[in-house]
*Asks:* 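Structure below; questions to follow.
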Amino acid sequence: MRSELRWKLCWENELDIIDHVDPPEFFRKAYGPTGVFNTKLFSGSQSWARRADNVHWQATGFDKGARAAMKSQRPAVLWFTGLSGSGKSTIANALDRLLHARGKHTYILDGDNVRHGLNRDLGFNQSDRVENIRRVAEVAKLMADAGLIVLVSLISPFRGERRMARELMEEGEFIEIFVDTPLEECARRDPKGLYRKAFAGKIANFTGVSSPYEIPESPELQLETVGHDPAALAFEIEQFLERRMEQSDA
């Protein structure tokens, strides 16, 4: 079953379950040890199947390759994940400036910014947080199809969510970047004052404090921020993209 259909089944049937279970447990049950989505686990509405049968993809005149060739670049979705205050947005912005100077076509999807528009109807309960990731991943996929290099900056704390985002993209297109900053350092920085509130019990389900963060197991890049300048880390990513482009041309 295609990953999109697996997700539709999960979303249509599991709203009530997601609201009442820990997300890591939900994803472990949903995928199981084999990594294959367990359709028998859920018994809700099958409206996703009717929707898939009645909606057909409309072919267009140009494909991703043609759009990317016009821009002389290889599309990518750079998925920055890490704790709040780890430096995801700072590094993404530094990379964006660097790529822009190189004549690359980019766009940043920042976790805070998308909640002002696209995801303004979502809260921070477990089902809304999963839907937040799904929407951003779908938008990133469309932007990559337009030939862009997409920089996504989201905490995205659970491996299952990040795996779903990866599965939406073409092979090799999703680049997971773990912005590795210890919790203690994030709390020390506390640029938005959120850790102070979370430790005081004023914010529920705060990642790293009252909700877990699952460290990426095999990210394409792992950036340790303590003692490193954001511009230097951005340059490291830019060099990774250059090597990736050279490999595609070989």
*Asks:* For Asp128, is there any backbone N or O sitting under 3.5 Å from a side-chain donor or acceptor partner on Asn132?
*Replies:* no
*Asks:* Is a side-chain donor or acceptor of Thr81 paired with a backbone partner of Phe178 at a separation under 3.5 angstrom?
*Replies:* no
*Asks:* Check for a donor-acceptor pair, side chain of Glu214 on one end and backbone N or O of Pro157 on the other, with a separation under 3.5 Å.
*Replies:* no
*Asks:* More than 12 non-hydrogen atoms from neighbouring residues, nucleotides or ligands closer than 6.0 Å to CZ on Phe199, yes or no?
*Replies:* yes
*Asks:* What verdict does the side-chain contact (heavy atoms from CB on, under 4.5 Å) test give for Ile133 and Trp79, after you've listed the backbone C-alpha separation in whole Å, the side-chain angles of each residue and the deciding distance to 0.1 Å?
*Replies:* CA-CA 11 Å; Ile133 300 297; Trp79 195 279; 4.0 Å; yes
*Asks:* Please report the C-alpha distance between Phe124 and Phe206 in whole Å, then the side-chain angles of each, then the deciding distance to 0.1 Å, and finally whether the ring pair (Phe, Tyr, Trp, His ring centres under 6.0 Å) criterion is met.
*Replies:* CA-CA 9 Å; Phe124 289 90; Phe206 190 82; 9.5 Å; no
*Asks:* Taking Thr90 for the side chain and Lys88 for the main chain, is one N or O donor matched with an acceptor at less than 3.5 Å?
*Replies:* no
*Asks:* Less than 4.0 angstrom from a charged side-chain N to a carboxylate O is my criterion; do Asp190 and Arg196 meet it?
*Replies:* no
*Asks:* Tell me, do Val77 and Lys141 make a side-chain contact under 4.5 Å, heavy atoms counted?
*Replies:* no
*Asks:* What's the spacing between Leu233 CG and His228 NE2 if we round to 0.5 Å?
*Replies:* 6.5 Å
*Asks:* Give, for atom CG of Leu83 and atom SG of Cys186, the distance between the pair rounded to the nearest 0.5 Å.
*Replies:* 4.5 Å
*Asks:* Verify whether one side chain among Thr207 and Arg129 offers a donor that lies under 3.5 Å from an acceptor in the other.
*Replies:* yes
*Asks:* Hey, are the side chains of Ile149 and Gln73 touching, using non-hydrogen atoms and a 4.5 Å cut-off?
*Replies:* yes
*Asks:* Is Tyr195 reaching over with its side chain to a backbone N or O of Val209, donor-acceptor style, under 3.5 angstrom?
*Replies:* no
*Asks:* Hey, is OH on Tyr213 packed in by over 12 heavy atoms from elsewhere, all under 6.0 Å?
*Replies:* yes
*Asks:* Do Lys64 and Glu173 meet the salt-bridge criterion of a basic N to acidic O distance under 4.0 Å?
*Replies:* yes
*Asks:* Please test Asp110 against Arg115 for salt bridge (Lys or Arg N to Asp or Glu O under 4.0 Å), starting from the C-alpha separation and ending with a verdict.
*Replies:* CA-CA 9 Å; Asp110 185 86; Arg115 284 185 174 273; over 6 Å; no
*Asks:* For a 4.5 angstrom cut-off between non-hydrogen side-chain atoms, does Phe158 reach Ser211?
*Replies:* yes
*Asks:* Over all heavy atoms of both residues, which pair between Phe235 and Arg102 is shortest? Give the atoms and the distance, please.
*Replies:* CE1-NH2, 4.1 Å
*Asks:* Checking the side chain of Asp63 only, and the main-chain atoms of Ala66 only, is there a donor and an acceptor separated by less than 3.5 Å?
*Replies:* yes
*Asks:* Under the 3.5 angstrom rule, does the side chain of Lys71 hit a backbone N or O of Ala146 as a donor-acceptor pair?
*Replies:* yes
*Asks:* If you compare all heavy atoms of Val152 against all heavy atoms of Ala140, which two are closest, and at what distance to 0.1 Å?
*Replies:* CG2-CB, 4.1 Å
*Asks:* I need the His100 NE2 to Thr106 OG1 distance, nearest 0.5 Å.
*Replies:* 8.0 Å
*Asks:* Considering all heavy atoms of both residues, which atom of Ala137 and which atom of Leu168 are nearest to each other, and what is their separation?
*Replies:* CB-CD1, 3.6 Å
*Asks:* Say you draw a straight line from OG of Ser153 to CD1 of Ile108; how long is it, rounded to the nearest 0.5 Å?
*Replies:* 8.0 Å
*Asks:* For the backbone of Arg244 and the side chain of Arg74, can you confirm whether one donor and one acceptor N or O come within less than 3.5 Å of each other?
*Replies:* yes
*Asks:* Examine distances only and state if a side-chain atom of Lys192 and a backbone atom of Gly85 form a donor-acceptor pair shorter than 3.5 Å.
*Replies:* no
*Asks:* On a heavy-atom basis, which atom in Ser156 and which in Leu154 lie closest, and how many Å separate them?
*Replies:* OG-O, 3.0 Å
*Asks:* Please name the pair of heavy atoms, one in Pro75 and one in Ala144, separated by the smallest distance, quoted to 0.1 Å.
*Replies:* CB-O, 3.4 Å
*Asks:* Could you check whether Arg162 makes a cation-pi contact with Phe174, meaning its NZ or CZ is under 6.0 Å from the centre of the six-membered ring and within 45° of the ring axis?
*Replies:* no
*Asks:* By the definition side-chain contact (heavy atoms from CB on, under 4.5 Å), identify the one residue from Leu95, Ile91, Val150 that meets it with Leu78.
*Replies:* Leu95
*Asks:* Could you tell me whether the side chain of Ser86 reaches within less than 4.5 Å of the side chain of Phe80, counting heavy atoms only?
*Replies:* no
*Asks:* Would you say Ile175 and Leu241 make side-chain contact, with heavy atoms under 4.5 Å?
*Replies:* yes
*Asks:* Check whether Ile177 and Met143 end up in the same hydrophobic cluster, where Ile, Leu, Val, Met, Phe, Trp and Tyr are linked by side-chain heavy atoms less than 4.5 Å apart.
*Replies:* no
*Asks:* Residues two or more places apart in sequence or in another chain: which of them pass side chain to side chain contact (heavy atoms under 4.5 Å, CB included) with Lys197?
*Replies:* Lys202, Ile203
*Asks:* Show every donor-acceptor pair shorter than 3.5 Å between a side-chain atom in residues 219-226 and any protein atom, with sequence neighbours excluded, or say none if there are none.
*Replies:*
unit_1	atom_1	unit_2	atom_2	d
Glu220	OE1	Arg166	NH2	3.1
Glu220	OE1	Glu176	N	2.8
Glu220	OE2	Arg166	NH1	2.9
Gln222	NE2	Asp180	OD2	2.9
Thr225	OG1	Thr181	OG1	2.6
Thr225	OG1	Arg189	NH2	3.1

*Asks:* Rounded to the nearest 0.5 Å, what separates atom CD in Glu238 from atom NZ in Lys104?
*Replies:* 8.5 Å
*Asks:* Say you draw a straight line from CG of Leu99 to CG of Leu151; how long is it, rounded to the nearest 0.5 Å?
*Replies:* 6.5 Å
*Asks:* Which is it for Glu138 and Arg135 under the salt bridge (Lys or Arg N to Asp or Glu O under 4.0 Å) test, yes or no, and what are the steps along the way?
*Replies:* CA-CA 5 Å; Glu138 290 284 2; Arg135 291 185 192 179; over 6 Å; no
